[in-house]
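Notes follow once the structure below has been shown.
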Amino acid sequence: MRRWFSHTSAAPPGCVEGTAAGGRRPRAVATVGLATGAEHPREAPLSIHDMTVAYQQRPVLWDVDYDAPEGSLVGIVGPNGAGKSTLLKAVLDLVPKASGRVMFYGQPYRRQRALVGYVPQRESIDWDFPVSALDVVLMGRYGRIGWFRPVTRAHRLAALDALARVGLADLARRQISQLSGGQQQRVFLARALAQEARVYLMDEPLASVDATTERTIIAILRELRDEGRTVLVVHHDLQTVPEYFDHVLLLNTRVVAHGPTARTFTAENLRKTYGGRLTLLEEAAHALAQRGGGAPA
Amino acid sequence: MFEFIENVARYPFLQHAVAAGLLASVACGVVGTYVVVRRITYIAGGIAHCVLGGIGIARYLNIEHGWTWLTPLGGATVAAIIAALLIGWVSLRAKEREDTIISALYAVGMATGVLFIQITTGMATDLQSYLFGNILLVTPQQIWMIGVLNAVIVGAGLLFYKQLLAVCFDEEFARLRGVPVELFYLLLLCLAALTVVLLSSVVGIILVIALLSLPAAVAGFFCRSLWQMMISATLLCTLFVIGGLWTGYSLNLLAGPTIIVWAGGSYLLVTAARAAGRLRRA
């Protein structure tokens, strides 16, 4: 039982009382603690079961229940403050959960670290730090290298390969402060690629990047999906959602809807996700009309 | 300069000073780099001030109660480690009050030291040495202890290079890779504490923070990687210590403050040169 909210069964402030796709309905608070999670497939790359996260007793995520399909490219979409970044951090145990359980291929994160790659927001680190792009990417290999072993040529080549994949092979020796914002974002992506994970979680990798970087990153995300890896991406630009992602997870404190983009990224679900923010809805409707995806507004 | 070199060859006390300076420079280069890139110089400064409390208590017990085995350097080491763990704990657990608590801790550490110095017979005369250092009075026994501390600091700093790099660069990433981040943060503070003790015998506890941070800060202007920065900071620290010793000896000035003037002057010079370079390019 959630000790934070046990005094009320009402939805938290800002929460949309929408029906999740696939017929899933929000669970009554009184029954939450009794759920077994047996309905979650063990082989799912990522299973989130009844996860609630709160900061100072204010719910940021409420009763999130979700299974990521294997080999999919999932866009996590929702308004500012919907808990998108918190969702990623909570499944990675970077912020504490008030309740719920998260599994990667049927095991908790601490046992599956090597299988899970994470690309944080670019602002999360000090870019004046004295490391080269290659040094940063090599950090992605640390789990494989071993903490007390020297970096071998094979690992260096793997890191260079990851840098080449994001189009930065020529800048491997450059200090990270001398890279543009888009290049820095690609270095973060290369670090995750060097890890050779099976599940990737990315926090707004396309935010404030140039067009070249956006094209490069999207091409890589598609390659990862085509290789059978599962990629979840927090994304803020509604217009590009139908083009970039084959699945979406619409989030506003709780899961509003999830499923294949064509079926889930609908005007109705967006209205539930974004509430009365008409400008955004109009943007989305325009995108849908242009690309012929989803239902008309 | 040649006269200074001749005198170093002739006088053991100068040889001891140079040896202590060189040993301290290695720890300064390695740990100073971590401290600067992790941006925790204010925490290292807090630890440095707490060291006076340890020195005061150790000297009091040594002189007034006959604890002859307890040397000021030993007291400084214990106080520095306790201060590092205490400040580290505050820094990790009470982030919103971190600056207030750290300021209070270092003031209390200093006050404790001054009070014990006051009640210890004949110690007031040593106060200047502890505050501003007196590298010319370093004994062979102290050099041995400095050597051992140096080996521990540099050994740990290099052995855990990858973990410390990960923790300093991207704490979240380190945590995801399974690194016990808080443990390594405390280890880093303990290494900084031991380095403070080493450097305090060269420049004293008031000035130690400048010698810990300035060589690494100057090196940071030129270096593209952490290990390059460590080597450069070590060489720069050696330059400052030898340069300060030479100037101080030649002009009959206190060595500690002279070393710091060398370090501070170099930092200002490099900063000004870089600013001028930027202006010329603009």
Side-chain angles (χ1 to χ4, degrees), chain A residues 56 85 88-89 91-95 109-151 155 171-179 187-188 191-192 195 197 201 203, chain B residues 29-30 32-41 93 95-96 155-184 187 213 215-233 236 274 278 281:
Chain A
Q56 297 175 336
S85 297
L88 299 192
K89 286 178 189 284
V91 301
L92 294 168
D93 297 336
L94 289 172
V95 296
Y109 174 71
R110 65 178 183 279
R111 293 196 189 154
Q112 302 282 44
R113 290 183 199 283
L115 297 184
V116 185
Y118 175 56
V119 179
Q121 287 190 14
R122 190 153 47 87
E123 296 76 28
S124 66
I125 65 144
D126 171 13
W127 287 98
D128 286 330
F129 201 93
V131 282
S132 66
L134 181 62
D135 290 333
V136 175
V137 178
L138 272 170
M139 287 182 203
R141 306 285 299 175
Y142 276 3
R144 291 166 186 272
I145 296 169
W147 289 102
F148 297 104
R149 291 191 184 147
V151 176
H155 290 297
L171 304 178
R173 303 282 171 190
R174 188 169 288 190
Q175 199 200 335
I176 52 171
S177 65
Q178 293 166 0
L179 301 173
V187 168
F188 260 172
R191 180 175 71 174
Q195 196 187 325
L201 307 175
D203 198 351
Chain B
V30 173
T33 296
Y34 285 128
V35 166
V36 167
V37 297
R38 185 65 172 78
R39 299 176 192 262
I40 51 169
T41 44
R93 296 279 174 265
K95 281 217 178 291
E96 69 281 4
L158 297 181
L159 181 67
F160 298 115
Y161 179 84
K162 280 193 208 138
Q163 289 93 332
L164 290 171
L165 170 61
V167 168
C168 291
F169 175 62
D170 187 350
E171 197 176 298
E172 206 170 59
F173 168 79
R175 205 182 291 278
L176 290 175
R177 297 274 59 82
V179 177
V181 168
E182 297 190 352
L183 189 70
F184 276 99
L187 173 72
S213 58
V218 174
F221 287 136
F222 309 106
C223 298
R224 283 182 298 174
S225 73
L226 205 62
W227 63 266
Q228 281 176 4
M229 197 167 154
M230 286 175 179
I231 293 171
S232 305
L236 282 167
R274 281 169 58 87
R278 268 200 300 270
R281 278 195 301 273

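Proteins come first, then strands; the chains are lettered A, B, ... in the order of their sequence lines, and each starts at number 1.
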Exercise. Which pair of heavy atoms, one from A:Leu179 and one from A:Leu171, lies closest together, and at what distance?
Worked result: CD2-CD1, 3.9 Å
For this session: Measure centre to centre between the rings of A:Phe148 and B:Phe160, then say whether the value is under 6.0 Å.
Result: yes
Problem set entry | Interface moiety of A:Leu138 toward chain B, non-hydrogen atoms closer than 4.5 Å | neither
For this session: Heavy atoms only, distances under 4.5 angstrom: which of B:Glu172, B:Met229, B:Gln228, B:Arg175 has the most pairs with chain A? Name it, please.
Result: B:Glu172
Problem set entry | Donor-acceptor side-chain pairing of A:Ser85 and A:Gln121 below 3.5 angstrom | yes
For this session: If a pair satisfies side-chain hydrogen bond (donor to acceptor under 3.5 Å, both in side chains) and one of its residues is in residues 156-169 of chain B, list it, with sequence neighbours excluded.
Result: none
Problem set entry | Option in A:Gln178, A:Gln175, A:Arg174, A:Arg110 with maximal non-hydrogen atom pairs under 4.5 Å from chain B | A:Gln175
Exercise. What do the steps show when you test A:Arg113 against A:Asp93 for salt bridge (Lys or Arg N to Asp or Glu O under 4.0 Å), and what is the final call?
Worked result: CA-CA 11 Å; A:Arg113 290 183 199 283; A:Asp93 297 336; over 6 Å; no
Problem set entry | Inter-chain contacts: residues 32-41 of chain B against chain A, heavy atoms under 4.5 Å | B:Val37, B:Arg39
Exercise. A:Asp126 versus chain B, heavy atoms under 4.5 Å apart: side chain, backbone, both or neither?
Worked result: both
For this session: Answer yes when B:Arg93 and B:Glu182 have at least one side-chain N-carboxylate O distance shorter than 4.0 Å, and no when they do not.
Result: yes
For this session: Give the minimum heavy-atom separation between B:Ser232 and B:Ala219, together with the two atoms involved.
Result: CB-CB, 3.7 Å
Exercise. Is there a donor-acceptor pair closer than 3.5 Å between any side-chain N or O of A:Gln195 and the backbone N or O of A:Val116?
Worked result: yes
